[in-house]
Amino acid sequence: MDPKSGFNSVSRTFHSLRPSLNLPPPHTTISTATYILSLRHKSPSPDSLTFLIDSTTSYRISHSNFIQRSQTLATNLITLHGLTKNHTALVLSPNIIQVPILYFALLSIGVVVSPVNPASTPSEISHLINLSKPIIAFTTSFSFHNLPKLPLGMILIDSPEFDSLTMEGSTSPVSPVVNQSDVAAILYSSGTTGKSKGVMLTHRNIMASVAAYDAVRIPTESPAVCLPMVPYFHVYGFTYLLKSVAMLETLVVMERFGLEKMLAALRRFRVTHLVVAPPVVVAMSKERATEGYDLSSLKWVACGGAPLGKDNFDAFKAKFPLVSILQGYGLTESTAGVIRLVGPDEDSRAGTTGRLVSGMEAKIVNPNTGDSLSPGVQGELWVRGPPVMKGYVDDPVATAVTLVDGWLKTGDICYFDNEGFVYVVDRLKELIKYKGYQVAPAELEQLLQSHPEIKDAAVVPYPDEDAGQVPLAFVVRQPQSSMGEAEIIDFVAKQVAPYKKIRRVVFVHSIPKNAAGKILRKDLLNKIIAKETFPRL
Ligand SMILES: CC(C)(COP(=O)(O)OP(=O)(O)OC[C@H]1O[C@@H](n2cnc3c(N)ncnc32)[C@H](O)[C@@H]1OP(=O)(O)O)[C@@H](O)C(=O)NCCC(=O)NCCSC(=O)/C=C/c1ccc(O)cc1
């Protein structure tokens, strides 16, 4: 293996250059929660250290109180609500202080956590429920009306009843035997096409994700104060908050993004680590956007979920030269970040998303020939290692297409340089990334095609300065139809979560397809970008 790039020219595989993972032997019975608690002894901070701060009320929960509450909750969920190992619990909530307590409690008793975006519509939620078959739901007073009845009902986590469940009753931990190979969480991803799929992540997958942070942990004089401005219902926020338990960090919890609210919280709580998707970096970099805010505590911005353009990186660095931007790359299917930049030494490398995290291998594969390619050559990124998912729930076909001999085919076109840094250059899979969220064109196309006045439709990613990409629809109307753009946008908006909304419509006479009937999305997109106008094609 070349020690500089990590490339083995015989196996044609890239290997991680980071320190190795510290995981228990795979057959030991241990839950993610117990594993995370075992990592905490490495930190010098006392247990009385604050773990959670509600950014609105400033209410605080210490690390020791967090553990106590999640253990009390776990016991009560078993004894009072009949939850047992291998049940699935749906969690429909924005980022509120109760969510980390709930996740940790469920993981400790082997109940499968299944978090869902609370902005989802009832029909989207029904689809996810059909996949993961939860027995109980945990939600808030704002979202409960979107849920159907489940066998063990629902618990409102923003209620006094939930507070009692976390504080009253036995604190003696209940510990069902949990195998590392047991499913710990089902998160949702579009995969490469169509409707959402349930991604099964095992306890070991999540342990590996936390262990990768642990392997490169940099000792700090005072504990990190982190503000994850990403949703806890996606894998990025989900794993970030778990690693913050392991590393005895402080988490500032903010329910919804607003630039000024976020800047005020950064200043007030002396945040050192901000965790975001690119639109937040773009918003902070704009002229005068941060005027009047003392952000001198900020040391690191972790940025993932979508690529951060070089111009955006440069604009941020010009404004905040002392803040390190550490990009990362990961998928729900890889239990979040599998490629990351680490430490201040690597942050000056604009354009790269980092190096393979501990324990990972990768290949760059020519999508046409299947050949594994060398450093400097572009191809599809395949990754293999302990955080790679078990598979998609009840979907052996999609699983077999995506996982080949343990290799996860990412659908992203990348290359490695001679020092093991990865550059993401294009996307093979047909996905739109709106503000770091996945939007599957096929799902929107099916909705459009269900309208009686629409004869055919295609949806493509259209570049957008603030959101990264927005869904743009090409629509062929029925001959007598005179429906307009607003009507079409509204028709779709009523049926999908807001991040999936169609943002622009172009009327055309036909949709270009190949001989097999596959929409030629790139052709449509290229025509429009070349012309920069929206003519009838
Ligand atoms: C903070 C963002 C960037 C911006 O927030 P926002 O502008 O308020 O928008 P929202 O995303 O909250 O909501 C989308 C839309 O829905 C609307 N909305 C919202 N909730 C409502 C409501 N309850 N009622 C009504 N309207 C509403 C909201 O107003 C907004 O409308 P619009 O302005 O038209 O876009 C937000 O979009 C965001 O957190 N995005 C990140 C998503 C994310 O975590 N993606 C990661 C997926 S997993 C992954 O890729 C992992 C990568 C990874 C990589 C490296 C690692 O090391 C680790 C991990």
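These values consider heavy atoms only, across backbone and side chains, with no hydrogens, waters or symmetry-generated copies. Start at 1 and go down the list; that is how both ligands and their atoms are numbered. Being a predicted model, the structure only gives us computed values, none of them experimental.
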Can you spot which of S58, S297, S55 makes a side chain to side chain contact (heavy atoms under 4.5 Å, CB included) with R268? S58
Donor-acceptor pair, distance only, cut-off 3.5 Å: does the side chain of K261 make one with the backbone of R256? yes
Please list every donor-acceptor pair under 3.5 Å in which a side-chain atom of residues 356-363 meets a protein atom from a residue at least two apart or in another chain.
unit_1	atom_1	unit_2	atom_2	d
S358	OG	P19	O	2.6
E361	OE1	R384	NE	2.9
E361	OE1	R384	NH2	3.3

Is it the case that R340 places NZ or CZ above or below the six-membered ring of Y213, under 6.0 angstrom from the centre and within 45 degrees of the axis? yes
Quick one: ligand 1 N/O to protein N/O pairs below 3.5 Å?
unit_1	atom_1	unit_2	atom_2	d
ligand 1	7 (O)	K435	NZ	2.6
ligand 1	11 (O)	Y437	OH	3.3
ligand 1	29 (O)	R256	NH2	3.2
ligand 1	33 (O)	K435	NZ	3.4
ligand 1	34 (O)	R503	NH1	2.7
ligand 1	34 (O)	R503	NH2	3.3
ligand 1	35 (O)	Y434	OH	2.2
ligand 1	35 (O)	K435	NZ	2.9
ligand 1	39 (O)	M229	O	3.4
ligand 1	40 (N)	K435	O	2.8
ligand 1	45 (N)	G436	O	2.8
ligand 1	57 (O)	R340	NH1	3.3

Are a donor atom and an acceptor atom from the side chains of E333 and S189 found within less than 3.5 Å of each other? yes
If the plane angle is over 60° it's perpendicular, under 30° parallel, otherwise tilted; pick one for F491 and H451. perpendicular
